Visitor: 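Below is the structure I would like to discuss, written out as structure tokens.
Chain letters run A, B, ... following the sequence lines, proteins first and then strands; every chain starts at 1. Here the structure is a predicted model, which means the values were calculated and not measured.
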Number of protein chains: 2
Amino acid sequence: MANQNVPQATAERLPLYYRTLQRLVTIGKTRISSSEFGDLLQIDSTTIRKDFSYFGALGRKGYGYDTQYLMDFLRKTLYQDELSKVVLIGVGHLGTALLNHNFQKNNNTKIVKAYDVDPKKIGTEVSGTKIYAMNELATDDNSDITAAILTVPVAHAQEAAEMALASGIHGFLNFSPTVLSLPSHAYVRHVDMTVELQALIYFLNHSMEERNSD
Amino acid sequence: MANQNVPQATAERLPLYYRTLQRLVTIGKTRISSSEFGDLLQIDSTTIRKDFSYFGALGRKGYGYDTQYLMDFLRKTLYQDELSKVVLIGVGHLGTALLNHNFQKNNNTKIVKAYDVDPKKIGTEVSGTKIYAMNELATDDNSDITAAILTVPVAHAQEAAEMALASGIHGFLNFSPTVLSLPSHAYVRHVDMTVELQALIYFLNHSMEERNSD
DNA sequence: TCACTTTTGTTAAATAGTTCACAATCTAAT
DNA sequence: ATTAGATTGTGAACTATTTAACAAAAGTGA
Ligand SMILES: NC(=O)c1ccc[n+]([C@@H]2O[C@H](COP(=O)([O-])OP(=O)(O)OC[C@H]3O[C@@H](n4cnc5c(N)ncnc54)[C@H](O)[C@@H]3O)[C@@H](O)[C@H]2O)c1
Ligand SMILES: NC(=O)c1ccc[n+]([C@@H]2O[C@H](COP(=O)([O-])OP(=O)(O)OC[C@H]3O[C@@H](n4cnc5c(N)ncnc54)[C@H](O)[C@@H]3O)[C@@H](O)[C@H]2O)c1
């Protein structure tokens, strides 16, 4: 259906477009130009027009984009029409925060169950999500699960990912500070907060030095 | 000191290199070649050599890189010699997880205080970090603080960032799902988990479709 | 209806990032 | 010492992404 030649950089901006359009529709804004949208998102308006152009002509010349139409289009493109089921592995500090955070609000995604090794946690619920024993993962059939959120200690991330993969899960959102080594049919996105913090510190110190020396 | 022409993409890989070298040094590995390092990080070895080359000749031909030397070099380059003080704003689910997570472990960064508006939280401590009232932020002098971690509800992220900026903080790690609009002397990095999750779902569904149609 | 303003969609140019290919040079082993 | 092998550092080629420029089309208001 959708064009297969959508650049990676474009695809990664679609969720941001979608979320912003949801907000615009909610506040009753029915149309927006690429330049106003760009100002809002701090993205060049040409980039926005180019991004949309990969999917055909979504706007109208002299008018701009219909927010509702564009939002509906992106909802389908991002598969937000169907509910995506995900599991969470490792119900510690971060995992608990994610379970409490309801991704379902304006995001058709549900954490349907969680896994942990801690006997004190197994069998309990966090915010309505049941916690199962990690060794059940080995025998569970999770082929209806889109992705696993990995919030286990770094030393166990690789083994946890392998178990999830064996149970039929191919997508991973990895919060552990390690590179996962998985076969090519798995797809991993890595949210690495330590890297983000260090990169922030690097750029801050560098821009300061530049300002001082100029 | 360091080359000002380091590409953004290179700079963003440095923390990953640094962390991996810490691990290698810990396990007693004294040398590594760019190709072995690349296999470990799933990065092309040429990219790694190019990255290092922006800082001069850090390796030895026919030998590779000395892990200790390279780690020390990156520690200085990433300003990890000095302790970076940060504050956290919004001690909710995610903020509490971040406070409990000790970034100091192998990361010379400390969350020195937190701010919140909830009277029940103000005055208490989480994992040794004191929580102050948000209105104190207005009068505090935070010019010795490198960055603020923003974990407030999305509706308050912009105002919280502006208050932090007024108190002397120029760096932001924003976890709220909104684009912050700040003057150009501020620097923001955005960790957007909703976007990550939707992007993951998009890429998973797309690679499946491609496999089915080929 | 007409004039003129707005704004898209797109081609082309510019910039950024990655990978190739290989000479230079160091290591290691005998 | 010599040599075979390893591995860096780097121009050049390639690929990806962003930005500029503008014709074409549609909107707006007299
Ligand atoms: N907490 C944060 O704010 C934060 C920030 C950045 C990165 N991280 C990373 O996220 C991961 C989780 O951090 P955390 O602070 O929540 O840790 P945590 O120790 O609080 O929680 C880890 C949880 O995983 C469970 N666990 C341990 N081994 C397991 C296994 N083999 N299989 C399944 N579950 C297992 C534990 O029982 C525990 O509930 C870590 O890799 C950490 O580096 C966390
Ligand atoms: N929890 C998660 O796992 C998660 C995941 C993705 C994104 N986020 C984002 O992170 C942010 C925080 O999420 P959360 O789940 O921790 O929310 P939360 O509601 O648990 O916590 C928010 C905290 O901020 C405080 N607060 C409210 N207004 C404030 C203000 N003006 N100034 C200072 N503090 C204020 C509240 O008292 C509360 O302690 C949200 O923007 C959320 O969208 C959270």
Visitor: Which part of the nucleic acid, if any, lies within reach of A:Phe52 when heavy atoms closer than 4.0 Å are counted: base, sugar-phosphate only, or nothing?
Guide: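 It contacts nothing in the nucleic acid.
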
Visitor: Is it true that B:Phe52 and B:Tyr65 have ring centroids separated by less than 6.0 Å?
Guide: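 When the ring centroids of B:Phe52 and B:Tyr65 are compared, they turn out to be within the sub-6.0 Å range.
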
Visitor: Salt bridge or not between A:Asp66 and A:Arg60? Use side-chain N to carboxylate O under 4.0 Å.
Guide: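 No salt bridge links A:Asp66 with A:Arg60.
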
Visitor: Atom CG of B:Asp44 to atom C1' of C:dC20: distance rounded to whole Å?
Guide: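 One finds 9 Å between C1' of C:dC20 and CG of B:Asp44, rounded.
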
Visitor: With sequence neighbours excluded, give me every salt bridge (Lys or Arg N to Asp or Glu O under 4.0 Å) pair touching residues 10-36 of chain A.
Guide: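 Checked against salt bridge (Lys or Arg N to Asp or Glu O under 4.0 Å) - neighbours excluded - the pairs reaching residues 10-36 of chain A are A:Glu12-A:Arg189, A:Arg13-A:Asp51, A:Arg19-B:Asp192, A:Lys29-A:Glu36.
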
Visitor: Does A:His101 have its ring centroid less than 6.0 Å away from the ring centroid of B:His93?
Guide: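 Between A:His101 and B:His93, the centre distance exceeds or equals 6.0 Å.
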
Visitor: I need the CZ-P distance between A:Arg49 and C:dT6, as an integer number of Å.
Guide: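 Going from CZ in A:Arg49 over to P in C:dT6 covers 15 Å.
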
Visitor: Can you tell me how far P of C:dC26 sits from CG of B:Leu58, to the nearest Å?
Guide: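 That distance rounds to 16 Å.
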
Visitor: Checking all strands, does A:Ser34 fall into the base, sugar-phosphate, or nothing category for heavy-atom contacts under 4.0 angstrom?
Guide: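 The residue A:Ser34 makes sugar-phosphate contact but no base contact.
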
Visitor: Enter the inter-axis angle for the ends of the helix from C:dT1-D:dA30 to C:dT30-D:dA1 (five pairs per end, rounded to 10°).
Guide: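 About 30° separates the two local helix axes.
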
Visitor: Can you give me the first and the last nucleotide of DNA chain D (5' to 3') that has an atom within less than 4.0 angstrom of a non-hydrogen atom in chain A?
Guide: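 Here the contact window of chain A covers D:dT17 to D:dT28.
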
Visitor: To the nearest Å, how far apart are A:Lys50 NZ and C:dT11 C1'?
Guide: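 Taking NZ of A:Lys50 and C1' of C:dT11, I get 7 Å after rounding.
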
Visitor: Is it the case that the side chains of B:Ser35 and B:Ser33 hold a donor-acceptor pair, with the cut-off being a distance below 3.5 Å and no angle test?
Guide: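 Yes, B:Ser35 and B:Ser33 have a side-chain donor paired with an acceptor closer than 3.5 Å.
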
Visitor: For the pair made of CZ in A:Phe37 and P in C:dG9, what is the distance, rounded to whole Å?
Guide: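 It is 14 Å, rounded to the nearest whole Å.
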
Visitor: Less than 4.0 angstrom from a charged side-chain N to a carboxylate O is my criterion; do A:Asp81 and A:Lys76 meet it?
Guide: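 Salt bridge: no.
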
Visitor: Using side-chain heavy atoms (C-beta onward) and a distance below 4.5 Å, is B:Tyr115 in contact with B:Val91?
Guide: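 With C-beta onward as the side chain, the pair stays apart.
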
Visitor: Pair A:Asn107, B:Gln198 - check side-chain hydrogen bond (donor to acceptor under 3.5 Å, both in side chains), show working.
Guide: CA-CA 8 Å; A:Asn107 198 341; B:Gln198 283 187 6; 3.3 Å; yes

Visitor: Tell me which of A:Ala9 and B:Ser33 sits closer to the 5' end of DNA chain D, going by the nucleotide each one is nearest to.
Guide: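 Counting from the 5' end, the first nearest nucleotide belongs to B:Ser33.
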
Visitor: OP1 or OP2 of C:dA24 sitting under 4.0 Å from any side-chain N/O of B:Arg60?
Guide: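 No, outside the criterion.
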
Visitor: Could you state the CD-C1' distance from B:Gln8 to C:dT15, rounded to the nearest angstrom?
Guide: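 That distance rounds to 13 Å.
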
Visitor: Does the side chain of B:Tyr54 get closer than 4.0 angstrom to OP1 or OP2 of C:dA16 through an N or O atom?
Guide: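 The answer is no; no side-chain N or O of B:Tyr54 sits under 4.0 Å from OP1 or OP2.
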
Visitor: Run the numbers on B:His206 and A:Tyr79 for ring pair (Phe, Tyr, Trp, His ring centres under 6.0 Å), then give the verdict.
Guide: CA-CA 10 Å; B:His206 262 269; A:Tyr79 303 88; 5.7 Å; yes

Visitor: Rounded to whole angstroms, how far apart are NZ on A:Lys61 and P on C:dG9?
Guide: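 Interatomic distance, NZ of A:Lys61 to P of C:dG9: 7 Å.
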
Visitor: Rounded to the Å, how far apart are B:Glu12 CD and C:dT18 C1'?
Guide: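 Going from B:Glu12 (CD) to C:dT18 (C1'), I get 15 Å.
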
Visitor: B:Thr46 side chain: which of C:dT27, C:dT10, C:dC20 is closest?
Guide: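 Nearest to the side-chain atoms of B:Thr46, counting from C-beta on, is C:dC20.
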
